[in-house]
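Structure, as structure tokens:
In the text below, chain A, chain B and the rest are named by the order of the sequence lines, each starting its count at 1. What's counted below: heavy atoms across the whole structure, side chains too, no hydrogens, waters or symmetry copies. Predicted, not measured: the structure shown is a model, and the values here were computed from it.
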Amino acid sequence: MQQNPSSDSIVSLRDVQKSFGSLRVLDGVSFAVERGEVLALIGRSGSGKSTALRCIDRFEKVDGGEIVVCGHRVDRPDVDLRALRQDVGIVFQSYNLFPHLTIEQNITLAPCAVKGLANSQAKDLARKVLAQVGLEEKLHAYPEQLSGGQQQRAAIARSLAMQPKVMLFDEVTSALDPELTAEVLKVIEQLAADGMTMVMVTHEMGFAKGIADRIVFMHRGKVHETGPASILTSPTTPELTQFVGTGNLKS
Amino acid sequence: MSLQLDFPAVLERWPSFLAGAVLTLELAAFATVLGALLGTLAAVGRGTHNALISGACKVYVETIRNTPLLVQIFLVYFGLASLGLKFSAFTVAVAALTINVGAYTAEIMRAGFEAIPRGQIEAAEGLALSRLQIYWHIILLPAIEKVYPALTSQFVLLMLASSVCSQISAEELTAVANYIQSDTYRAFETYIIVAVLYVILSLVMRAGFWGLGLVLFPRRRRLGTPL
Amino acid sequence: MGGHLNINHLMFLGQGALWTIGLSVIALIGGGIVGFVIALARISPLKSVRIASAVYVQLIQGTPLLVILFLGYFGLAAIGLKVSPLAAAGASLTLYVAAYLGEIWRGCIQSVPKPQWEAAEGLALSRTQRMLKVILPQAIRIATPPTVGFMVQIVKNTSLASVVGFVELMRSGQIVNNSLFEPFAIYAIIAVIYFAMCYPLSLFSQRLERRMGRGRSNLAPA
């Protein structure tokens, strides 16, 4: 079931171990993401999929194994976190826009502070990425004036403004009702079509099936089954059969 | 300037320090118990529908919380004297500290009462508990449990604030320090020792309240909620 | 001596009240600056800095302000440093206020939801940038009501400076009393003046707190 990460992978995990206290959340997890690939991490809650995603951007430190992201050795203690996070964009379930800043300021903050972009350039950039997610008119709004779906699209735009090489999505539609979910998924689909490399933790099986080049099904801290999106319709392990059978495969 | 500290010269007065520390603890203990009662009554009073009672309680709480303890102590001291009443400095100090900490306790307890969900009371009413039973089991005890950390830090602050009673010659720890330093001319050493003693007293009080909390609130102990 | 309370006495009390305000401002500014450093030190990535600042807070919060004032005044004088009552009171209050404001502000900084820290980290902001641009602006909003509330404590606590001979409101009351010997009436007047300074601050703090409570409820889910 495991494959060797090839050298031109953008993200590769090899035999990653992670425990919270006595609870082993990741138990020898390996997978790789090629340039332009969309990988969906699926599994029950508690299977370790979110933890695996957070390890990629080093929001969790691993106990063992190797993680390479855009050439950064993320498992090493001396990894340059700021360089890593310029290459990786992450979008959270709870949007996490900064409530005291307008949407424009949310977007221009990092390009100005981290990359040293001039204010006017950053503002042009903000307009561009907001257009990408269909929110140009919300440039000067504050986050709390936006719906959940709009906030999440703005959060995606904020990540895009850093021009990351890979984007991570951590259950980005779980806090949204179906209608708002659809508008966020549309934005992600467009990103995929534009060739963005993406890793997403998702509960939307129909969406995963439609957009993912590859599915990684996690179960009890291990990669239990992996393959193209077709494994969702013809799973080979009983666990995945049960997982997609229990009403998860809706669209 | 040359800094030469001579602690032994001051430390040989340790029986006086000890007596002062004991008196400070006694002051704090009396005022804590009486103030907790007074404050709880005032908090209940503020919650009643009787405008006169709730207004009086509010005036009491706001007046005390917005004036210095030192002024309150002098007012009690000279107020009683002008009525021709003669009390020991200790009694006056306990009275003033009680009135003071009662107001803070009232505010804390009020927050505790407000944090009791309405549904809890309705559930108890549904079980046909009497008003008094509801007040005791469903409102008062859970409220105390909720605000226990805030209450106990207030009581530690009260112990520290009791140092102000040295100004009406109650012979507590700070008063003892004042006369020892004027005897020995070793002010720096004296006040350092007294500061250390106060730190120890406050640690002892905190440990005591923590232990008391474990006994009073077994649920917290089970859940491991920090007190 | 006797005599009646006259306009000169009231002027004298008024002057004392001004010094109470002045000393409060000194304590707030001095304590605010040192307290800000304490708050940051309490959450420093360096363990030694965290421990040192925690010990400082524990020591100050375990010592009565009156004793700190005595240490600052008689203590320093005893070792040959001649300091004015104003300098001694200002320095002692600064150290005292710093410990309390530092703890209040540390709590406010840490109550900015964890996802906000992570989002800022995910955008590759440096530690300083995260603090300045993301965390502190939100923490200041949270910190405003309790800080205004603590200003009431500062104003009241300056009354203890009277004990080391600084002529603020309390001390000027004692001086007036020495010539009139009407202690109850004079301390009642003093109490009213303190109340007039503190109560508006208390009300303001309560109003800020209520407004914050409303604002927080319509924030995005954490």
Side-chain angles (χ1 to χ4, degrees), chain B residues 1-5 24 62-83 153 156-157 159-167 172-174 177-178 181-182 184-206, chain C residues 20 55 58-82 100 149 152-153 155-163 169-171 173-174 177 181-203 206:
Chain B
M1 173 201 101
S2 67
L3 181 54
Q4 286 188 329
L5 294 180
T24 287
E62 294 298 348
T63 308
I64 297 300
R65 280 163 46 91
N66 288 290
T67 51
L69 174 61
L70 187 56
V71 178
Q72 293 161 14
I73 287 184
F74 281 157
L75 276 175
V76 172
Y77 187 78
F78 291 112
L80 289 171
S82 69
L83 294 173
S153 8
V156 174
L157 284 176
M159 183 276 289
L160 297 173
S162 72
S163 67
V164 172
C165 300
S166 59
Q167 297 306 302
E172 47 65 71
L173 190 50
T174 304
N178 290 349
Q181 71 90 14
S182 66
T184 59
Y185 297 102
R186 298 232 162 254
F188 207 50
E189 295 91 327
T190 306
Y191 288 117
I192 285 177
I193 290 168
V194 163
V196 170
L197 285 174
Y198 272 112
V199 170
I200 293 171
L201 285 183
S202 58
L203 290 177
V204 165
M205 271 183 84
R206 258 179 234 167
Chain C
T20 286
V55 167
Q58 285 299 318
L59 286 181
I60 296 287
Q61 293 197 347
T63 310
L65 175 57
L66 193 54
V67 172
I68 298 174
L69 280 160
F70 282 141
L71 271 173
Y73 186 66
F74 296 119
L76 291 178
I79 59 171
L81 271 181
K82 201 75 196 118
Y100 284 87
V152 176
Q153 306 296 324
V155 173
K156 290 189 297 177
N157 278 328
T158 57
S159 65
L160 295 183
S162 63
V163 178
L169 179 55
M170 185 71 197
R171 186 91 193 103
Q174 288 168 335
N177 183 46
F181 213 75
E182 290 266 12
F184 190 75
I186 289 168
Y187 289 123
I189 294 171
I190 301 291
V192 169
I193 301 176
Y194 273 114
F195 187 84
M197 290 193 274
C198 293
Y199 193 55
L201 282 175
S202 292
L203 285 181
Q206 281 164 22

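A parallel orientation is assigned to the rings of C/Phe70 and B/Tyr191, their planes being inclined by less than 30° (bins at 30° and 60°).
B/Ser166 touches chain C through its side chain: at least one heavy atom from C-beta onward sits under 4.5 Å away, while N, CA, C and O do not. Within the 4.5 angstrom heavy-atom criterion, atoms from both the backbone and the side chain of B/Ile192 approach chain C. Residue contact with chain C, scored on non-hydrogen atoms closer than 4.5 Å, involves the backbone and the side chain of B/Ser163 alike. Residue B/Ala195 touches chain C through both its backbone and its side chain, counting heavy-atom pairs closer than 4.5 Å. Only the side chain of C/Gln174 has a heavy atom closer than 4.5 Å to any heavy atom of chain B.
Atoms OH and OG1, on C/Tyr199 and B/Thr67 in that order, are 12.5 Å from each other to the nearest 0.5 Å. The structure places OG of C/Ser162 at 7.0 Å from CD of B/Gln167, a figure rounded to the nearest 0.5 Å. The CZ atom of B/Phe74 sits 11.0 Å away from atom CD1 of C/Ile190, with the distance rounded to the nearest 0.5 Å. Expressed to the nearest 0.5 Å, how far CG of B/Asn178 lies from CG of C/Leu66 amounts to 7.0 Å. In this structure, CD1 on C/Ile186 lies 11.0 Å from CG on B/Leu75, to the nearest 0.5 angstrom.
In terms of non-hydrogen atom pairs under 4.5 Å with chain B, the most contact-rich of C/Val152, C/Val155, C/Val163, C/Thr158 is C/Val163. Contact tally against chain B (heavy-atom pairs below 4.5 Å) for C/Ser159, C/Ala196, C/Gly173: the top residue is C/Ser159. Per-residue heavy-atom pair counts under 4.5 Å with chain B were compared for C/Leu71, C/Ile193, C/Val67, C/Leu65, and the maximum is reached by C/Leu71.
In the displayed structure, C/Glu182 atom CD is contacted under 6.0 Å by at most 12 heavy atoms of other residues, nucleotides or ligands. Within a 6.0 Å sphere centred on OH of C/Tyr187, other residues, nucleotides and ligands contribute more than 12 heavy atoms.
Residue C/Tyr194 is tested with B/Asn66, B/Leu70, B/Val71 for a side-chain contact (heavy atoms from CB on, under 4.5 Å); the sole match is B/Val71.
No side-chain heavy atom of B/Leu160 sits under 4.5 Å from any side-chain heavy atom of C/Thr63.
Pairing each heavy atom of B/Arg206 with each of C/Gln58, the nearest pair is NH1-OE1, 3.0 Å.
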